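See structure below.
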Amino acid sequence: MKFSVMFLKTMKEDPRDAEVASHRLMLRAGMIKKLASGIYSWLPYGLLALKKVEKIIREEMNASGAQEVLMPGVQPCEIWQESGRWNVYGKELLRFKDRKNADFCLGPTHEEVITDMVRSELNSYKDLPVTLYQIQAKFRDEIRPRFGVMRAREFMMKDAYSFDKDDESAEKSYEAQYRAYEKIFERCGLRFKAVEADSGPIGGNFSHEFMVLADTGEDLILSCSECNYAANVEKAEIRKQEKALPVKATGGSPEKVHTPDIRTVEEVCEFLGIEPSSLVKTMIYNTDKGIVAALIRGDHEVNEAKLRRSLGVESLELADEEMIAKATGAPRGFAGPVGLNIRIVRDISLDDGPYVTGANEQDYHVKDVWLSRDTRIEKSDDIRNALPGDDCPRCPGKLEAIRGIEVGHVFKLGTKYSKTMHADFLDEKGELKPMIMGCYGIGVSRVVAAAIEQNHDGDGIIFPLPIAPFAVIVLPLDSRNEEVASTANNIYMELKKTGLDVLIDDRDLRPGFKFKDADLIGVPYRITIGSKGLAEGLIEIRERATGNVTKICPADALKTITDMLKGKGIIIDSKN
RNA sequence: CGGGGCGUGGCGCAGUCUGGCUAGCGCACCUGCCUUGGGAGCAGGGGGUCGGAGGUUCAAAUCCUCUCGCCCCGACCA
């Protein structure tokens, strides 16, 4: 490609509303253009990267045995009503009406469509297993889109769905996708980690997220320093060591202290001159099985997913002021476990005492509370978010915190959709059974952003070679110098013949300008050709990532480049 | 949805508080000269109903009311 004719305008200055590096650089490098909040056009340079990622995904999905389909983005409400999600999906589902006033939505995901498609086509155990996938635009009306295409409302997604006759087979399908994902992200040249994830209240029973590691990632991951355990903070377990509840209470009964308008952990600690860890927070939750209290140390956070599982409830939300008053007899900020007559769950990390807690009375807290002596606790469980330094649940190691960007998610769905939507088949015994499903997503556009987030410096993008729009940029310093131009052009033509994606900066610009652009758009290798170098019979190859420069004679350009690129994940036809 | 901020040429901004000649600057763009190893220089030039609507005023980018859009923080969230 000739730079002079390419639809690509770089920007010298940072766009005002771009915060994170990938967003800033994608705009500056002319990869994307915003049309509306969270809605972007992909310009030629950006699309080249997106297509490279798509190609890798296609190859690995096909290799895993999955078959590509293409489903509509516009979906009728009927299938969503059938699955039960029309009423639960919420505002993220963009709904609209057609001219006949019928309800439709723009698909945020395709479980309904694929299940509908499969149920009429597959009827026998002999038809299974099947895994289908597509690469297509999704629409989710995010409350707050941000970071460019990282969290966009319309985005490219690869979604796959597996259908199996039994758990054993479903396990294999899941494994196959998990392996395919590892290969995909490896081939994209990304540093990533597969972590255990929470599958939510109505999802399946097991899931993994694939995280691209980057300090600016939105997700917090806890990873063991010793073994390979890693999990999203939503899911991360803490080694359960039941702290005995010894009767070691000292002193008299709990002592009430006047704490006028002192509510938050911070306020109480400051007022009483204590540390948050010597305070018990009493969080009141409303669930489908009634109101409950969760006790947790002042410096910890309740993990609602864990609490939900521990309580065995479907829904769970923080109680409002009115419910708190009803349950505790006091406004928010003064709840405590002493004398509380609702279900109480205690976090396993709590000691027995002495603790400060709310007094269930406005403007009062109590000191010297010993949990075993002074409260009636139903159970003790792991209900808090893990923190760096916590014990690994699998080995004697400690957990560390790292940040990541979720680019893929593999899920065991079970029979959630096949049951409600009657995707059944006849098994060997002639029995009608629901298919076991799995679903597997990759945020294709997010992979591009994440790659840049992980690979950039002060000068711009440093594309991993396999997803770089161009592997090499040929840069004649003075396009008007006959020898420079023809040498550059010859090398360009030679490289192109090998099937490499090559860009030649044939623009009539000063060298500094071209260097800056080449760095900004992140081409992995730059071949610089100038009259001074040619006078000594030399040109140079510079690696974007390292800045390493190799001086060679023009005739060796092809061989040197192909040697450099060998084994780095791209295909070169070096016979030419 | 709550809090904060911002809408002035393609991009980044000044001007708004304190209304007043033709709305300005840098980058980008066009023409010419000059220049070619890290975003050069000189000269000339094109492009903006100042987000929109209404109002106040002799006069509005500037003041008032309404409205739309965008960004950040938070809440929310399969």
Side-chain angles (χ1 to χ4, degrees), chain A residues 7-20 23-24 27-30 33-40 43 80 83-93 107-112 138 140-148 151 153 159 197-204 207 209 218 232 234 304-305 308 314-318 320 406 409 411 413 416-417 439 441 458-460 475-485 488 505-521 526-536 538-540 542 547 549 551:
Chain A
F7 185 79
L8 169 57
K9 296 280 183 210
T10 57
M11 275 187 268
K12 198 169 173 178
E13 283 170 293
D14 284 336
R16 191 164 49 101
D17 50 15
E19 290 280 313
V20 298
H23 186 198
R24 232 173 45 229
L27 288 168
R28 283 189 56 200
K33 184 167 176 62
K34 183 170 76 182
L35 179 63
S37 178
I39 299 178
Y40 288 83
L43 308 182
W80 285 78
S83 74
R85 287 209 292 184
W86 185 256
N87 292 322
V88 296
Y89 209 96
K91 287 187 175 168
E92 224 175 86
L93 183 64
T109 177
H110 281 67
E111 282 84 7
E112 280 80 3
K138 294 283 185 282
R140 294 182 186 174
D141 201 356
E142 294 276 352
I143 288 177
R144 189 142 91 80
R146 60 186 125 179
F147 307 150
R151 180 170 293 280
R153 292 195 292 171
D159 46 325
D198 182 52
S199 32
I202 50 173
S207 81
E209 286 168 346
E218 280 192 285
N232 193 306
E234 293 165 7
E304 294 186 4
R308 190 185 295 123
E314 289 281 317
S315 73
L316 180 88
E317 56 181 12
L318 273 173
D320 59 30
E406 180 190 347
H409 201 160
F411 256 95
L413 280 179
K416 175 175 159 52
Y417 296 93
C439 76
D459 292 320
L475 200 155
L477 292 169
D478 180 0
S479 305
R480 280 178 291 180
N481 177 306
E482 192 61 35
E483 193 193 0
V484 169
D505 195 347
D506 58 337
R507 298 175 299 175
D508 186 17
L509 293 170
R510 297 170 59 82
F513 206 96
K514 295 185 181 182
F515 288 145
K516 290 287 184 191
D517 267 353
D519 286 346
L520 175 63
I521 67 174
R526 186 183 83 195
I527 303 181
T528 314
I529 297 132
S531 48
K532 287 181 192 166
L534 284 184
E536 302 168 34
L538 293 174
I539 61 173
E540 62 184 48
R542 183 173 183 273
V549 170
K551 297 199 178 196

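All values reported here derive from a predicted model rather than from experimental measurement. Within every chain, numbering begins at 1; the chains are lettered A, B, ... in the order of the sequence lines, protein sequences first and strands thereafter. Excluded from the calculations below are hydrogen atoms, water molecules and symmetry mates; all remaining heavy atoms, backbone and side chain alike, are included.
As rounded to whole Å, 12 Å separates atom C1' of B/rC77 from atom CG of A/Asp141. Between A/Asp517 atom CG and B/rG37 atom P the separation is 17 Å, expressed in whole Å. Separating the CZ atom of A/Phe411 from the C1' atom of B/rA78 is a distance of 7 Å, rounded to the nearest angstrom. Between A/Asp508 atom CG and B/rA40 atom P there is a gap of 13 Å when expressed in whole angstrom units. The interatomic distance linking A/Glu209 (CD) with B/rA78 (P) rounds to 14 Å, in whole Å. The interatomic distance linking A/Lys516 (NZ) with B/rG37 (P) rounds to 15 Å, in whole Å. Rounded to whole Å, the distance from NZ on A/Lys416 to C1' on B/rA78 is 9 Å. Remark: P of B/rG39 and CZ of A/Arg507 are 15 Å apart, rounded to the nearest angstrom.
Figure legend. B/rC1 is base-paired to B/rG74; pairs are counted as Watson-Crick or G-U wobble with both atom distances under 3.5 Å. Nucleotide B/rC50: unpaired (no Watson-Crick or G-U wobble partner with both distances less than 3.5 Å). Of all nucleotides present, none satisfies the Watson-Crick or G-U wobble test against B/rG39 with each distance under 3.5 Å. Base pairing of B/rG10: its partner is B/rC27, meeting the Watson-Crick or G-U wobble criterion (both donor-acceptor distances under 3.5 Å). Here B/rU56 sits opposite no nucleotide as a Watson-Crick or G-U wobble pair (both hydrogen-bonding atom distances under 3.5 Å).
In this structure, the salt bridge (charged side-chain N to carboxylate O under 4.0 Å, His left out) partners of A/Asp14, at least two apart in sequence or on a different chain, are A/Arg24, A/Arg28. Here A/Asp517 pairs with A/Thr10, A/Arg507 under the side chain to side chain donor-acceptor pair (under 3.5 Å) rule; sequence neighbours left out. The ring-ring contact (aromatic ring centres under 6.0 Å, His included) search around A/Tyr89 returns A/Trp80, not counting sequence neighbours. Partners of A/Arg542 according to the side-chain contact (heavy atoms from CB on, under 4.5 Å) rule, which considers only residues two or more places apart in sequence or in another chain, are A/Asp519, A/Arg526, A/Val549. In this structure A/Asp478 satisfies the salt bridge (charged side-chain N to carboxylate O under 4.0 Å, His left out) test with no other residue, sequence neighbours excluded. For the side chain to side chain donor-acceptor pair (under 3.5 Å) test, residues two or more places apart in sequence or in another chain that qualify with A/Glu406 are A/His409. In this structure, the salt bridge (charged side-chain N to carboxylate O under 4.0 Å, His left out) partners of A/Glu218, at least two apart in sequence or on a different chain, are A/Arg146, A/Arg151. Under the rule for a side chain to side chain donor-acceptor pair (under 3.5 Å), the partners of A/Asp506 that lie at least two apart in sequence or sit in another chain are A/Ser4. By the salt bridge (charged side-chain N to carboxylate O under 4.0 Å, His left out) test, A/Lys138 pairs with A/Asp159, sequence neighbours left out.
At a threshold of 4.0 angstrom between heavy atoms, the contacts of A/Arg526 include nucleobase atoms, whether or not backbone atoms are also involved. Across all strands shown, A/Asp14 has heavy atoms under 4.0 Å from sugar-phosphate atoms exclusively, and none from any base. A/Glu304 comes within 4.0 angstrom of nothing in the nucleic acid, heavy atoms only. A/Gly90 comes within 4.0 angstrom of no nucleic acid atom, judged by non-hydrogen atoms across all strands.
In this model, a donor atom of one side chain and an acceptor atom of the other lie less than 3.5 Å apart for A/Arg85 and A/Tyr417. Checking A/Thr528 against A/Lys551 by side-chain atom types alone, no donor-acceptor pair falls below 3.5 Å.
Taking atom P in both B/rC27 and B/rG44, one finds a spacing of 15 Å when rounded to whole Å. Remark: the separation of the C1' atoms in B/rU62 and B/rG55 is 15 Å, to the nearest Å. B/rU16 and B/rC21: their P atoms are spaced 13 Å apart (whole Å). Look at the C1' atom in both B/rG45 and B/rA28: the space between them is 14 Å, to the nearest Å. Comparing the same atom, P, in B/rC13 and in B/rC71 gives a spacing of 15 Å after rounding to whole Å. The separation of B/rU49 from B/rC11, taken at their P atoms, amounts to 14 Å, rounded to a whole angstrom. B/rG24 sits 23 Å from B/rG41 when the C1' atoms are compared, rounded to a whole Å. Taking the P atom of each, B/rA60 and B/rG46 are spaced 26 Å apart, rounded to whole Å.
Here the side chain of A/Arg542 is nearest to one of B/rA78, B/rG38, B/rC77, namely B/rG38. You'll find that the side chain of A/Phe515 is closest to B/rG38, out of B/rG38, B/rA78, B/rC77.
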Taking N or O atoms only and anything under 3.5 Å, show me the protein contacts with nucleotides 26-34 of chain B, one pair per line.
from, atom 1, to, atom 2, distance (Å)
B/rG26, N2, A/Glu13, OE1, 2.9

List, with names and distances, any nitrogen or oxygen atoms from the protein found under 3.5 Å away from nitrogen or oxygen atoms belonging to nucleotides 42-48 of chain B.
none

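Positionally, the nearest nucleotide of RNA chain B for A/Lys33 lies more toward the 5' end than for the other of A/Lys33 and A/Glu142. Looking at which nucleotide of RNA chain B each of A/Tyr89 and A/Thr10 is closest to, the 5′-most match is held by A/Thr10.
When atom types are taken as modelled, the side chain of A/Lys33 and the backbone of A/Leu43 share no donor-acceptor pair closer than 3.5 angstrom. Distance alone, capped at 3.5 Å, is enough to place a donor-acceptor pair between the A/Arg140 side chain and the A/Pro108 backbone.
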*List the protein contact pattern of nucleotides 68-73 of chain B with one symbol per nucleotide (5' to 3'): B for base contact, S for sugar-phosphate-only contact, - for none; contact means a heavy-atom distance under 4.0 Å.*
--SSSB
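Within the structure, a side-chain polar atom (N or O) of A/Arg510 is placed less than 4.0 Å from OP1 or OP2 of B/rA40.
A pairwise comparison of heavy atoms in A/Gly530 and A/Val484 identifies C-CG2, 3.8 Å as the closest pair.
Side-chain N/O atoms of A/Asp478 and base N/O atoms of B/rG37 include no donor-acceptor pair closer than 3.5 Å.
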